[in-house]
Amino acid sequence: MDDYTTESLANPAEAAIEAAGLRVEQREMPQLVRLVSRRMPADRESVAEALCQVRRKPWTGRLLDLANRFGESWVRRADAEAAAGRVTDPEIGDEGLREELREVVAARLRAAGATPEAALEAIASELLEATGHLLPADRHATLAQQVAHAHGMDRAATAGFVAAAIRAEDRRRAELRSAEQAARARRREEVARLKAWEKSLVGIEGIPGLLGCTPKEALRWAGAGLLPVARKQRERGGRERWEFDPAEIIPLKGEVASWRRAEQDAADAKGTKRGAPTPLTRVGNAAIARVAALDRYAAHFATARALKRRITLVTGPTNSGKSHTALDRLASAENGYALAPLRLLAHEFREALGQRGVDASLATGEERITIPGSKHLAATVEMCPLHNPVDVAIVDEAQLLHDRDRGAAWTAAIMGVPAREVFVLGAPEAIPMVERIAQLCGDELEKVSLERKGPLRAATNPVGLSELRPGDALIAFSRRDVLDLRAELVRRGRRVAVIYGALSPEVRRAEAARFRNGEADIVVATDAIGMGLNLPIRRVIFSTLKKFDGEGRRDLNAQEIKQIGGRAGRFGKYEEGVVAVLAGAGSPDFVRHLLHSPPAPPEELRPQVQPDADIVRAVATEIGSDSLFGVLARIKRAVLRLDDPNYRLADMTQAQAIASAIDGVGLSLMDRWTYALCPVDERDNGIQRLARWAVDHAAGRAVVPPSAGRLPAPDQATGEELQRGEKVHKRLVAWRWLALRFPMAYPDFERAEAETARLDNWIEDVLRQQRRGRTALAG
């Protein structure tokens, strides 16, 4: 023991260690003594084995350092840990460690694919998904060489395999560069077109020269909406400058005489002077606006407008029976649709119809279940059929009309669902917007208000963590806070289920079932619990009264307190629901005030609208451009006036970003528009990943589904590894979404479904772990 000396070796383990003659460092001695003590009497082999156990963690770090030095980014911590666990020589050097690692990695590379080509593609894709970047060319060649060795290729076959891999990778990189360059060139071209168009605009002072009218007439006609305003600019001092497109104004010259006659006739009828304000009829907007017709959005849904529709707006708090009432009517109809905000709730609608003896098919963004002969469909709102008339339709959670990201989908569903009887369900906050939509559609509207089946009250005192009891739901507003609270409760010996937005519908349902069946005493959840999950909750307890809404941290509003707090109390089990706040998180009075406050008047009553494929195609034809970025930019600039009295344009930021990234790919405009609608996470390099998939699609190569690779044992998983699994699951959602629309380019749907199921099961197993002490998921 060169680095350890002692005057007395009274401990038999210390004596055995000294007799073994192994080099032991000072810091290793305490742990080694404990391990050897368990093996007494100990010989040299057992001491060496114990010393290897002590050194496995440092060896793991050393192996990762060596892999990083040699550029082997495909080596994972799990590989290094497995290699360290194989070592039996405590005096092993770097080369020996590397040899153990090679064996472990080779086994993984063999298991990655049935052929070397499949294994290389799988590992390279896995790295791409994990990092968001392609491997450098030299590292890709090294990976190809290791894959060849792992599959037992001889020297000549390895050389040929590596050369072919390099050629294929060079071709893919060239295609990516070409697509990126083409996309940038198209964007520059479209920006130049937009600038040229903007430069051609004239102010109100230029109208008389274009129409041969007086300045006063120009002002009157612009104010009456007869002259299409191309753009409104805010000037210094707060004044607004209206600008007009000469190309749209000049064709109106032939209308000047009729406008003057109309003004004179109106003046004669009223006995007023000519030139006084008159209620002239607006003749239209710019050509692009006429093509897109977003200012006449209700008319876009021809099938729905051809029907005599009756809308029944059913509002009420949570646990008031809104869905039950509508589902009873839908089940009694010959055919119909049930439209839900989430895939999870679409499944619940389908099951609820099944319980009423009605078979229903399912359609969500990434899943289809077709029941032969079924005349009912449960679907997510975005999948609303628009051309097949039915008797009854349900549109749930109508308050999401106000949602910044998805509100336009509810506008389209409520306006466009071709059903003779439409049940719109939601919180009371939805009433004014639904009334406006019914008016725009010319539909008859009946309003039904329901009351809660059981009372809901605010607790008078805060609740401490130690005071939580079975049936309680603890609410946080971030994934991290949910897992931290879970870890603390598990440490205290509580059985905990968790529900948050990053979990798949399948895992959420499994966690909800654990709570419902009594396998978990407490559920810790985000506001994801506030939409549709029916759980036997006695008390809802807010761990904070603030949340980050994407722009800043703010107080919860009344709708959020009611929607989430309303989950407390389950008719038939808990006759009274209680809403409380965790000790130290805020005032119970704040909760009580918002729980009983009336609905706040909405800031905006104009429903959000967005283009669809027909509108995109029509605008592209009108402006003579095949650039999706250019089409969306022109729609944003010119299709819908900012002061339109009826509608407002939805946020198209992500669609424009995707369009900008894939405009150089050799796909049709409509295919690129489909890609622009794909649900991706920008924080996870989602748009760059989508662009690479589009390049492979355009090149005729099959797009390989994302893979999580080898997963650690559930009881050993860290919070970081759990989050990585959740990210891969989201990537699979995007892949499956595209596979349903492009099955030839995304052919391996069964493999994607199997990987999705594997991740669902693993994530649920991780969350089931109820170990006390410092849990792996803490923090």
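Being a predicted model, the structure only gives us computed values, none of them experimental.
- Ion pair Glu190/Arg193 flagged as a salt bridge, since at least one NZ, NE, NH1 or NH2 atom sits closer than 4.0 Å to an Asp/Glu carboxylate oxygen.
- Salt bridge absent: Arg741 and Asp671 never bring a charged side-chain N and a carboxylate O closer than 4.0 Å.
- How far OG1 of Thr370 is from CG of Leu362: 9.0 Å, rounded to the nearest 0.5 Å.
- When only modelled atom types and interatomic distance are considered, Glu721 and Thr718 share a side-chain donor-acceptor pair under 3.5 Å.
- Within the 3.5 Å criterion, the main-chain N or O of Gly365 finds no donor-acceptor partner in the side chain of Arg343.
- Shortest non-hydrogen contact noted between Leu503 and Arg508 is O-NE, 3.2 Å.
- Checking Gln610 against Tyr297 by side-chain atom types alone, no donor-acceptor pair falls below 3.5 Å.
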Stepwise, does the side-chain hydrogen bond (donor to acceptor under 3.5 Å, both in side chains) test hold for Tyr500 with Glu726?
-> CA-CA 11 Å; Tyr500 52 90; Glu726 292 165 358; 2.3 Å; yes
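- Electrostatic pairing of Arg731 and Asp681 does not count as a salt bridge here, judged by no charged N lying under 4.0 Å from a carboxylate O.
- Considering NZ of Lys195 and CZ of Arg188, their distance stands at 12.0 Å, rounded to 0.5 Å.
- Within the model, atoms CG of Leu556 and CG of Leu545 stand 6.0 Å from one another, a figure rounded to the nearest 0.5 Å.
- Residues satisfying the side chain to side chain donor-acceptor pair (under 3.5 Å) test with Thr674, not counting sequence neighbours, are none.
- Between the Tyr675 side chain and the Ala691 main chain, no donor and acceptor come within less than 3.5 Å of each other.
- No salt bridge links Asp663 with Arg184; every basic N to acidic carboxylate O contact stays at or beyond 4.0 Å.
- Panel note: side chain Arg406, backbone Pro341; a donor-acceptor pair is recorded below 3.5 Å.
- Taking Gln608 as the reference, nothing meets the side chain to side chain donor-acceptor pair (under 3.5 Å) condition, with sequence neighbours excluded.
- Here the shortest heavy-atom pairing between Val422 and Val395 reads CG1-CG2, 4.4 Å.
- Both tests pass for Arg634 against the ring of Trp197: distance under 6.0 Å to the centre and angle within 45° of the axis.
- Of the N and O atoms on the side chains of Glu189 and Ser627, not one donor lies less than 3.5 Å from an acceptor on the other residue.
- For the pair Leu483 and Leu722, the minimum side-chain heavy-atom distance is below 4.5 Å.
- Side chains of Cys678 and Trp693 form no contact here, defined as non-hydrogen atoms less than 4.5 Å apart.
- Trp735 contributes a side-chain N or O that, together with a main-chain N or O of Val703, makes up a donor-acceptor pair within less than 3.5 Å.
- Between Glu755 and Arg758 there is a salt bridge, since a side-chain N of the basic residue sits under 4.0 Å from a carboxylate O of the acidic one.
- Side-chain contact between Trp410 and Asp403 is absent, with no heavy-atom pair separated by less than 4.5 Å.
- The residues Glu682 and Lys730 are annotated as not salt-bridged, no charged nitrogen and carboxylate oxygen being separated by less than 4.0 angstrom.
- The side chain to side chain donor-acceptor pair (under 3.5 Å) check on Asp748 picks up nothing, with sequence neighbours excluded.
- Look at Glu367 and Arg736 and you find no salt bridge, because none of the NZ, NE, NH1 or NH2 atoms lies under 4.0 Å from a carboxylate O.
- Glu243 is listed as a side-chain neighbour of Arg241, based on a closest heavy-atom distance under 4.5 Å.
- Around CZ of Arg553, the count of heavy atoms belonging to other residues, nucleotides or ligands within 6.0 Å exceeds 12.
- Taken to the nearest 0.5 Å, the CE atom of Met670 stands 7.5 Å off from the CG atom of Leu628.
- Judged purely by atom type and a 3.5 angstrom limit, Glu560 uses its side chain to pair as donor or acceptor with the backbone of Asn557.
- The shortest distance between side-chain heavy atoms of Tyr647 and Pro607 falls below 4.5 Å.
- Ionic pairing of Glu348 and Arg509 is not present here: no N-O contact between side-chain nitrogen and carboxylate oxygen is shorter than 4.0 angstrom.
- If you take CG on Leu738 and CG on Leu677, they are separated by 10.0 Å, rounding to the nearest 0.5 Å.
- Using modelled atom types, no side-chain atom of Glu429 and backbone atom of Gln399 make a donor-acceptor pair closer than 3.5 Å.
- Residues Val434 and Leu401 meet the side-chain proximity criterion, which asks for heavy atoms closer than 4.5 Å.
- Between Leu339 and Thr380 the shortest side-chain heavy-atom distance does not fall below 4.5 Å.
- A donor-acceptor pair is defined here as one N or O able to donate and one able to accept, closer than 3.5 Å; no such pair exists between the side chain of Arg724 and the backbone of Gly719.
- Under a 3.5 Å cut-off, the side chain of Arg689 and the backbone N or O of Asp684 do form a donor-acceptor pair.
- Atom-to-atom distance recorded for Thr756:OG1 and Leu732:CG is 4.0 Å, nearest 0.5 angstrom.
- Around the CD atom of Glu604, the shell of radius 6.0 Å holds more than 12 heavy atoms that belong to other residues, nucleotides or ligands.
- Under the 3.5 Å distance criterion, with hydrogens and angles disregarded, a donor-acceptor pair is assigned to the side chains of Asp612 and His300.
- No donor-acceptor pair closer than 3.5 Å links the side chain of Arg606 to the backbone N or O of Arg648.
- For Lys547 and Asp555, the salt-bridge test fails: no basic side-chain N is under 4.0 Å from an acidic carboxylate O.
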